[in-house]
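Have a look at the structure below, then the notes.
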Amino acid sequence: MNLLYFAWVRQKIGKSEEQLTPPAKDVASLIAHLKNLGPNYTEAFADLSRIRIAVNQCHAGLDASLGPDDEVAFFPPVTGG
Amino acid sequence: MNLLYFAWVRQKIGKSEEQLTPPAKDVASLIAHLKNLGPNYTEAFADLSRIRIAVNQCHAGLDASLGPDDEVAFFPPVTGG
Amino acid sequence: MQTRIRIQREDFDLNAEVSALAGNGEAGAVASFTGYVRKEGDLSTLTLEHYPHMTEAEIMRLATEAGTRWPLTGVTVIHRIGSLKPGDRIVLVAVASQHRQAAFQACEFLMDYLKTHAPFWKQETRGDKQHWVEHRHGDDDAVKRWEK
Amino acid sequence: MQTRIRIQREDFDLNAEVSALAGNGEAGAVASFTGYVRKEGDLSTLTLEHYPHMTEAEIMRLATEAGTRWPLTGVTVIHRIGSLKPGDRIVLVAVASQHRQAAFQACEFLMDYLKTHAPFWKQETRGDKQHWVEHRHGDDDAVKRWEK
């Protein structure tokens, strides 16, 4: 699974991208897994109301199902335009 | 009184501007006076639903009152933009 | 609010007009409308006549009214007159504000009133025939939604 | 409908973009929105980050949705990334149609969804401090009026 982080999520986690094979079938269980990887992840995902998710470059929710080849991105609410 | 004509009103009457001192205290009586000046005026003012009026460069109605120094313009509904 | 109104034969420069409205970052949002002579069958020329002085005065009244309805920092209206060809630009209405929705609404308001209140008249040339364009009743309906 | 989407560091040319949309008179109406970096106190730099590929895909989805709601002939969206200064242009959304109201509405629709859906993030530099701009809840409200 290819994970991407943007803006302050990227800064808190300390990397912009990583490859993982987590035991997660949906976004919620992926986040639960990530929060156990270290305090940087715990802090980044402390308040899920501030996190937005994309799966394969489409906006998605916590219940979106995941497969091993998916690209999952975590980022703050967008501020473009 | 300074009278101005635009677009097809100008073409039907055959002039763009003229000075008159008509015995007219409002736009309706001015038009009645003009319609007696010749067939070109009669034709131009035949259908008042197709005529728009400005007095001193503000849109006005048939009941607008007039004085000797006023500028009165007659033209079709506008088509700019 | 800065208001710029120009009635001219020449074309205009969108970059310059929109940048002037944005004022080096004073306004964050510029909504604009650019109108073109539409390509239509055998239409060869569109000739625009107007009522000098009243045109500027009427557009100034409309811009002032827009400035009372929305928090605007600037309004620019440029309308071309004379002989235009299909594909030529006719009109620019550009509105600057700190707020995007105010800019959009004021720009649409100004276009709707320009179409129904500003004294311009279009004459089309098709082949060797000329005729005056008829006022569109749809434009009167568009204006009604702004009436208080 | 022609759709042009560009994410770039460079500035853009409004004359060229709007003329390309008008297509030599194919469309009579072009509504556009130009966003600028607002001048604000000690703001010195605005740095824009985005999610490559998703940005273009998301904007394409929004443009396609706009094309199903209104009769459009073209949509152009240009969004700048990288380091910008107060007064710099950030974004252009321009929409061409035969109908002025369709162009205005689609342009406003695209701006509202761009603000809430396109994956861009702004970081401000003020003095020697940097912070991420917070999402505006007013932008979420703006989007709600387009929901069917």
Side-chain angles (χ1 to χ4, degrees), chain C residues 11-19 21-41 43 46 73 84-112 114-115 136 138-139 141-142 145, chain D residues 11-19 21-41 43 46 73 84-112 114-115 136 138-139 141-142 145:
Chain C
D11 197 8
F12 44 83
D13 179 347
L14 276 174
N15 285 312
E17 299 302 337
V18 171
S19 292
L21 270 179
N24 210 21
E26 299 296 335
V30 179
S32 62
F33 179 88
T34 314
Y36 287 80
V37 181
R38 222 179 290 173
K39 191 185 287 183
E40 269 182 36
L43 175 70
L46 195 66
T73 59
L84 301 176
K85 302 286 176 198
D88 282 351
R89 296 191 273 209
I90 304 182
V91 64
L92 171 69
V93 171
V95 177
S97 174
Q98 306 266 17
H99 306 282
R100 150 175 117 254
Q101 286 168 23
F104 270 117
Q105 285 186 46
C107 191
E108 211 172 346
F109 169 92
L110 285 170
M111 271 309 300
D112 285 348
L114 191 77
K115 286 260 183 192
R136 289 181 59 244
D139 288 327
D141 297 337
R145 64 194 160 133
Chain D
D11 197 7
F12 45 83
D13 178 347
L14 275 175
N15 285 312
E17 300 302 337
V18 171
S19 291
L21 271 179
N24 210 20
E26 300 296 335
V30 179
S32 62
F33 179 88
T34 314
Y36 288 81
V37 181
R38 222 178 291 173
K39 190 184 289 182
E40 268 182 37
L43 175 70
L46 196 66
T73 60
L84 302 176
K85 301 287 176 197
D88 282 351
R89 296 191 273 210
I90 304 182
V91 64
L92 172 69
V93 171
V95 176
S97 174
Q98 305 266 19
H99 306 281
R100 150 175 116 255
Q101 285 168 24
F104 270 117
Q105 285 186 46
C107 191
E108 210 171 347
F109 170 91
L110 286 169
M111 271 308 300
D112 285 348
L114 190 79
K115 286 261 182 191
R136 289 182 57 244
D139 289 327
D141 297 335
R145 64 193 159 133

**Prompt:** Does any non-hydrogen side-chain atom of D/Gln101 lie less than 4.5 Å from one of C/Glu108?
**Reply:** yes
**Prompt:** Do D/Val30 and C/Arg89 come within less than 4.5 Å of each other through their side chains, counting heavy atoms only?
**Reply:** no
Under a 4.5 Å heavy-atom cut-off, does chain D meet the side chain of [X], its backbone, both or neither?
X: C/Glu40; result: neither
X: C/Asp112; result: both
X: C/Lys115; result: side chain
X: C/Ala16; result: neither

**Asked** Given the options C/Gly23, C/Ala103, C/Cys107, which has more heavy-atom pairs under 4.5 Å with chain D than any of the others?
**Response** C/Cys107
**Request:** Under 4.5 Å, counting heavy-atom pairs only, tell me which of C/Ala22, C/Ser32, C/Gly87 racks up the most with chain D.
**Result:** C/Ser32
**Complete:** Of all heavy-atom pairs linking D/Arg38 and C/Glu26, the shortest is CG-O, 4.2 Å
**Fill in**
Shortest non-hydrogen pair, D/Arg100 vs C/Ala142, comes out as NH2-CB, 4.1 Å
**Item:** Candidate pair C/Val18 and D/Tyr36, rule side chain to side chain contact (heavy atoms under 4.5 Å, CB included), full reasoning
**Value:** CA-CA 10 Å; C/Val18 171; D/Tyr36 288 81; 3.2 Å; yes
**Request:** Would you mind telling me which of C/Asp13, C/Thr34, C/Asp11 makes a side chain to side chain contact (heavy atoms under 4.5 Å, CB included) with D/Asn15?
**Result:** C/Asp13
